[in-house]
Amino acid sequence: MSVEYNPKEFEAKWQERWFKDLFYESKDFAKGKEKYYLLVEFPYPSGDSMHMGHTRNYCMMDTVARLRRMKDQNVLFPIGWDAFGLPTENYAIKVGRPPQEITKENIDTFRRQLHSLGLSFDWSREIDTSDPKYYKWTQWIFLKLLEKGLAYKAEQPINWCPKCKVGCANEEVIDGRHERCGTLVEKRNINQWMLKITEYADKLDKDLDLTDYWESVKTRQREWIGKKTWYDIEYKIEGTDEKILVSTTRPDTQFGSTFVVIAPEHEIVEKLKKYMSPEILEEVERYQEESKKKSELDRISQLKEKSGVNTGLFCKNSITNKTLPIYIADFVLTTVGTGMVVGVPAHDKRDFEFAQKYKLPIIRVIEGEDGNREEINSVEKVCEGEGTVFNSEFLDGLSTQDARVKVGEYIKEKGIGDVVVRYHLRDWVFSRQRYWGEPIPVVHCDKCGTVPLPEEELPLELPKVESYEPTDTGESPLANITQWVNTKCPKCGGPAKRETDTMPNWAGSSWYFLRYTDPKNSDKLGDAKKMEYWLPVDHYEGGAEHVTLHLLYSRFWHKFLYDIGVVPTKEPYKKRTIHGNVLGEDGQKMSKSLGNVINPDEIIEKYGADVVRGYMMFMGPYEGDVLWSTETINGLKRFVSKYYGFLLSAWERKDKSSPKVTKAVLKLANKVEEGILNFKFNTTISALMEFYNEFHKEIFSKEDLEKLVIISAPIFPHLSEEIWEKTGHDYSVHMQSWPQIDKEHLKEEEVEIPVQINGKVRGRLKVNVDISEDEIREKVLSEKAFSEYLDSGNIKRLIYVPGRIVNIVV
RNA sequence: GCCGGGAUGGCGGAAUAGGCAGACGCGCGGGACUUAAAAUCCCGUUCUAGAAAUAGAGUGAGGGUUCGAUUCCCUCUCCCGGCACCA
C-alpha cells in the first residue's frame with residue numbers, strides 16, 4: 001500500500017492543538033520527576049524574519065526537550081525576546097516609526113515562525129526585555145549594584161562622529177569612518193556609567209571549576225579574564241624628579257631591556273611634556289592626535305608597522321642601572337599593565353620590530369635550546385619561551401620562572417616596585433546615549449548629587465518621543481523631553497534632572513534565565529522557592545559569539561545576586577555548549593547583499609515542519625558550521641515520505657515480530673536516545689535511515705510498531721502524532737514513555753572481525769565475542785585464506801583486540 | 001596580532017579510551033516502469049592501473065611515536081568566529 005505524505009493536512013492541526021492545551025507548560029515542583037532546565041539563547045527579533053540559524057538551533061534543542069520529557073523529566077524549555085537594541089532603533093530612525101511598534105511586529109513574526117516548526121516551548125513563560133514589567137527588574141538590579149558600590153561613573157573614550165554629532169557603535173564604524181555619513185570617527189572621552197565586573201574577576205575565573213562547560217568555553221572565559229602576575233617597577237627619569245612605574249610580566253628579562261614605551265594617551269605624558277624640546281613636543285602632540293583615530297585592534301596588530309616618537313628623555317632601569325630612552329608608541333595601551341612597558345627586543349616580537357625600526361640595541365639574556373646564545377637578528381629568532389637566564393648579574397643561571405620570583409623579592413625588598421595580579425578583563429561600560437534601552441533609574445540633583453530612584457518608582461518607563469535621533473550634543477534622545485528629564489529629587493524634593501543614558505542590550509540578557517522560573521512575579525525578580533527548584537540551568541545552548549562577553553556579564557550579575565541573597569546558586573549555568581552556524585549555499589554567511597538568504601517560512605511552506613526539522617538535524621554536526629543545500633533537503637523529503645508510508649503500511653500488516661526485528665527496534669531506540677542526548681543529531685537521522693533501509697519490508701508486531709512511532713516522536717513530532725491517532729491510539733504520542741532499554745540485551749553474540757597481516761586487511765572471521773587470543777590464533781592459522789600471506793615468514797607477533805581486530809606481524 | 005574552532009571522495013558528512021577510512025544523504029552513471037517526462041524503484045559510485053580478480057595510493061603539508069595514526073606529539077599552511085558600543 002502506498003500512502004501519500006501530505007504534511008499540510010495535519011501539521012497545523014497538531015500545532016494548534018498542542019498550543020491550545022498548553023501541552024508543554026512546565027509545572028513548578030512536579031512531584032516524582034527530575035527537573036531539567038534547557039535554555040536556548042533567546043532571539044533578537046530584528047528585521048523581517050527569523051534566521052535559518054535560529055531555526056536549526058531551536059529544532060535541535062526541541063528534540064532534546066521532547067526526548068527528556070518522554071524520559072519522564074520535568075523539562076523547562078522557555079523562550080522570549082531580547083528586544084532592546086541598536087538595529088531596531090536605527091530602523092525606527094530610518095522609517096520614522098516608534099521602536100515599540102516595530103518590535104511588537106517583529107515579535108509577532110518570530111512567534112508565528114517558531115510556532116510553525118512545532119517547537120515545544122513553554123509559551124506561558126514568554127518574556128520580553130523591553131516590557132516594563134520585565135525591565136522593572138533589570139533596573140532594580142542596577143540599583144542594587146549602585147547600592148553596593150559596583151556601579152560608578154568614569155571618563156571613557158567613545159567613537160564620535162563630528163558631523164552627525166553622535167557617538168557610534170564599533171559596528172557602525174567601517175575603516176575608521178561613520179558608516180552613515182562617511183566622516184572620519186574620533187575618540188572622545190565622555191562620562192559613562194561603569195559596572196565593576198573586575199571585582200568579580202577572580203571568582204569568575206575560579207568558579208569555572210564548578211561548571212561542566214565545554215573546555216573550549218572555559219578556556220575562552222579564562223583567556224578573556226586574563227589573570228596575570230605583573231611586576232611594577234619604578235624607574236627614575238634622568239635629570240628630573242619624576243618617576244615612571246613601568247610594568248612587565250617577564251621581569252626575568254630585565255637585563256635585556258633597551259627602551260621604555262608609554263601609551264600616547266597616558267596621563268603621565270602631559271606631565272613629561274614640560275621636559276621636551278619644542279620640536280619633539282610638537283611631534284608628540286601630533287602623534288597623540290593620530291593615534292586617537294586608530295582602533296585598538298589596529299594599534300596592537302603585529303601586521304601593521306610599529307610607530308612611535310622618541311621623547312628625547314631617558315630613565316634609569318632601577319634593577320640594571322642602565323639608561324634607557326623613553327618612547328611614546330600606540331602599540332602600548334593604557335589599559336594593559338600600568339600603560340608603560342619595558343622593551344626587551346630579544347624576547348618579545350613586538351619589541352623586536354620596534355627596536356629594529358628605531359635602531360635600538362638588542363640584548364639576549366635567555367638561552368634557547370641546547371644552551372643557544374646566538375645573536376637575535378631576525379624576528380624568527382626572537383625567543384619568547386622559558387629557559388635559563390644569562391648576562392644578568394644576580395639572575396645568572398636561574399630558570400626564567402625562578403628569576404621572576406627573585407626579581408619580585410628584589411623589588412619589594414628595595415622598595416622600588418611591587419608584584420600585582422591584574423586582569424585583562426576591564427570594567428563594563430554600561431551607558432549608551434541611545435533611546436531604545438532601559439532608562440538608567442537615577443536622577444542628578446544639584447544638592448544631593450546622583451540619587452537612585454526609590455524602588456517603588458520602578459519601572460521607570462521609557463517615554464514616547466518624537467524623534468529617535470540622538471541630540472546635537474550627543475546625548476540620548478531622552479534629553480530632549482524636558483518634561484521627562486525635569487523631575488524632583490527623591491531625597492530633598494528639589495529640582496533635579498533624570499539620567500538620560502540608557503542601558504546596553506547586554507543588560508536584559510544578563511538575567512533572563514532567572515525570570516523564566518517565575519515570569520509573572522510583580523513583587524520580586526523571582527520567587528526564591530521557584531528559583532531554588534529550577535536553578536541552575538542544566539544546559540545552556542548557544543553560539544560561539546556569546547561565549548565571552550554575554551557569558552561573563554550574565555555570570556557576573558548572577559554571582560552578584562547570589563552575594564546579596566537573591567539567587568540560590570553560585571553559578572547560573574551547569575553546562576554550556578556551542579552550536580555551529582548555517583551558512584548559505586555558497587559557504588558564505590547568509591546576507592541580503594550576497595543574495596544567499598533562505599527564508600524559513602518559504603521552506604516550511606514547501607517541505608513541511610517535520611522535513612525541515614529532520615534536515616536541520618541531518619545537515620551536519622551540531623558544533624560545526626553547515627552549508628544550506630536545497631538538493632539535500634529534497635533527500636530528506638524523500639526519506640520522510642517513505643518513512644511515514646512505511647509506518648502506516650507496516651501497521652496494516654502487523655503480526656509477530658522476529659526476535660531480530662524486536663532487537664533492532666530496541667537498538668534503534670538506544671541509538672536515538674544516545675544520539676540526541678549527546679548532540680549527535682546528524683547520525684541520529686542516519687540511524688533512522690539505516691533502520692528503514694534494512695527493515696522496511698519486515699513484519700512488525702503491534703508493540704514494536706508502537707515503539708517505532710514513539711522513537712520517532714521527538715524528531716518528527718507531527719507525523720508521529722498523526723500516525724499515533726490514525727492507528728487508533730489516544731492523544732498523545734508525546735505523553736508516552738520512552739522504551740525501556742536493557743543494554744545487556746542488545747549485545748551481539750557473534751561478531752565479524754577483520755584480520756590484518758602486517759597492517760593490511762586480508763580477510764574477516766566470524767567469531768564468538770568472548771573468544772580468547774589462543775583460540776583466535778588457531779582459527780586464523782587453520783584458515784586457508786590467510787596461509788598465502790603467512791607462508792613467507794614466521795609469525796613475530798599476534799595482536800588481538802577483543803571484538804575489534806586481529807593483526808599478525810610476520 | 002592575541003584567543004577559540006576547523007581542514008576527510010564531485011558535495012554535506014561518518015568513523016577518535018589508537019584498530020576494516022568514506023556509514024548516511026546529495027549528486028552523478030546505468031537499468032526498470034512510462035508513448036514520453038516527472039515521480040518512484042533497482043544496481044554502481046575515493047583515486048590510479050586493469051575486462052575482471054586484484055594491486056598500489058589515499059583523511060590540508062612535512063616529520064615523529066606505534067604491530068597499527070583521520071585519531072596522539074612536534075613544525076607549518078589555509079579557512080571560520082571573538083576581540084569589549086552588533087547581538
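This is a predicted model, so every value here is computed, not measured. Order of the sequence lines sets the chain letters (A, B, ...), proteins ahead of strands, with each chain counted from 1. Values below: every heavy atom of this structure, side chains too, minus hydrogens, waters and symmetry copies.
Checked against B:G81, B:A14, B:A84, the side chain of A:P621 finds its nearest nucleotide in B:A14. Closest to the side chain of A:V809, out of B:G56, B:C67, B:A87, is B:C67. Closest approach to the A:S216 side chain among B:G56, B:G5, B:G25 is made by B:G5 (side chain taken as heavy atoms from C-beta onward). In the set B:G25, B:A23, B:G27, B:A23 carries the atom at the smallest distance from any side-chain atom of A:E690. For A:I805, the side-chain atoms get nearest to B:C20 when compared with the rest of B:C85, B:C20, B:G82. In this structure, the nucleotide among B:C80, B:C20, B:C26 sitting nearest to the side chain of A:D625 is B:C80. Considering only the side chain of A:V429, B:C85 comes nearest among B:C85, B:C3, B:G81. Checked against B:C86, B:C24, B:C85, the side chain of A:I158 finds its nearest nucleotide in B:C85.
Within the 4.0 angstrom heavy-atom criterion, only backbone atoms of the sugar-phosphate kind lie near A:P87; the bases stay farther away. A:R804 comes within 4.0 angstrom of the backbone, heavy atoms only, and of no base. As judged by a 4.0 angstrom heavy-atom cut-off over every strand, A:N581 is placed among residues making no nucleic acid contact. Here A:N807 lies in heavy-atom contact (under 4.0 Å) with a base. Residue contacts shown for A:W224 include a base, since a base heavy atom lies under 4.0 Å away. No engagement by A:E41 is indicated, since no non-hydrogen atom pair under 4.0 Å with the nucleic acid exists. Across all strands shown, A:I799 has heavy atoms under 4.0 Å from base atoms, whether or not it also approaches the sugar-phosphate. Among the atoms of the strands shown, none is found under 4.0 Å from any heavy atom of A:E215. A:H51 comes within contact range of no nucleotide atom at all, as no heavy-atom separation falls under 4.0 Å. Contact annotation for A:Q756: base contact, defined as any heavy-atom pair under 4.0 Å involving a base atom. Among the protein residues, A:H546 comes within range of the nucleic acid bases, having at least one heavy atom under 4.0 Å from a base atom. Nucleic acid contact class of A:I753 (heavy atoms, under 4.0 Å, all strands): none.
Aromatic ring orientation, A:H546 versus A:W506: perpendicular (interplanar angle above 60°, classes split at 30° and 60°). Note on ring orientation: taking the six-membered ring where Trp is involved, the planes of A:Y692 and A:F639 are perpendicular (angle over 60°, cut-offs 30° and 60°).
When the C1' atom of B:G5 is taken as reference, atom CD of A:E545 falls 13 Å away, rounded to whole Å. Straight-line distance from the NZ atom of A:K680 to the C1' atom of B:C24: 15 Å, rounded to whole Å. One can place CG of A:L627 at 15 Å from C1' of B:G27, the figure rounded to the nearest angstrom.
Base pairing of B:U65: no nucleotide in any strand meets the Watson-Crick or G-U wobble criterion (both distances under 3.5 Å). In a base pair of the Watson-Crick type (N1 to N3 plus N6-O4 or O6-N4) or a G-U wobble (N1-O2 and O6-N3), with each distance short of 3.5 Å, B:G18 is matched with no nucleotide. Pairing for B:A57 goes to B:U46, judged as Watson-Crick or G-U wobble with the two contacts each under 3.5 Å.
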Self-check item: Derivation of the salt bridge (charged side-chain N to carboxylate O under 4.0 Å, His left out) call for A:R220 and A:E545
Solution: CA-CA 11 Å; A:R220 285 180 67 156; A:E545 66 279 17; over 6 Å; no
Quiz item: Could you walk me through whether A:R177 and A:E186 pass the salt bridge (charged side-chain N to carboxylate O under 4.0 Å, His left out) check?
Solution: CA-CA 9 Å; A:R177 288 169 191 278; A:E186 296 172 356; over 6 Å; no
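Along RNA chain B, the nucleotide nearest A:G167 and the nucleotide nearest A:T219 are compared for position; the residue whose nucleotide lies closer to the 5' end is A:T219. If A:T683 and A:N159 are placed on RNA chain B by their nearest nucleotide, the residue sitting closer to the 5' end is A:T683.
Taking the six-membered ring for Trp, A:F110 and A:H54 have ring centres closer than 6.0 Å.
Listed pair A:N682 / B:C24 fails the phosphate criterion, with no side-chain N or O lying under 4.0 Å from OP1 or OP2. Residue A:N693 has a polar side-chain atom (N or O) positioned under 4.0 Å from OP1 or OP2 of B:G25. The side chain of A:R762 contributes an N or O atom lying less than 4.0 Å from OP1 or OP2 of B:A55.
With P as the reference atom, B:G56 and B:A69 are 16 Å apart, rounded to whole Å. As rounded to the nearest Å, B:A61 and B:G10 have P atoms that lie 14 Å from one another. B:U70 and B:C20 have their P atoms separated by 10 Å, with the value rounded to a whole Å. Comparing the P positions of B:C67 and B:G62 gives an interatomic distance of 23 Å, to the nearest angstrom. B:A21 and B:G82 have their P atoms separated by 39 Å, with the value rounded to a whole Å. When the C1' atom is used for both B:G12 and B:U34, the distance is 33 Å, rounded to whole Å. The gap from the P atom of B:G5 to that of B:C74 amounts to 14 Å, rounded to the nearest Å. As rounded to the nearest Å, B:A7 and B:U59 have C1' atoms that lie 9 Å from one another.
A side chain to side chain contact (heavy atoms under 4.5 Å, CB included) with A:Y423 is found for one member of A:I197, A:I225, A:L204 and no other, namely A:I225. Just one residue in the list A:Y135, A:W193, A:W511 forms a ring-ring contact (aromatic ring centres under 6.0 Å, His included) with A:F142, and that residue is A:W193.
Using a 4.5 Å heavy-atom threshold, the side chains of A:Y607 and A:Y615 count as separate.
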For nucleotides 37-44 of chain B, which of its nitrogen or oxygen atoms have a protein nitrogen or oxygen under 3.5 Å away, and what is each distance?
none

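With A:Y152 as the aromatic partner, A:K196 meets the cation-pi criteria of under 6.0 angstrom to the ring centre and within 45 degrees of the ring axis.
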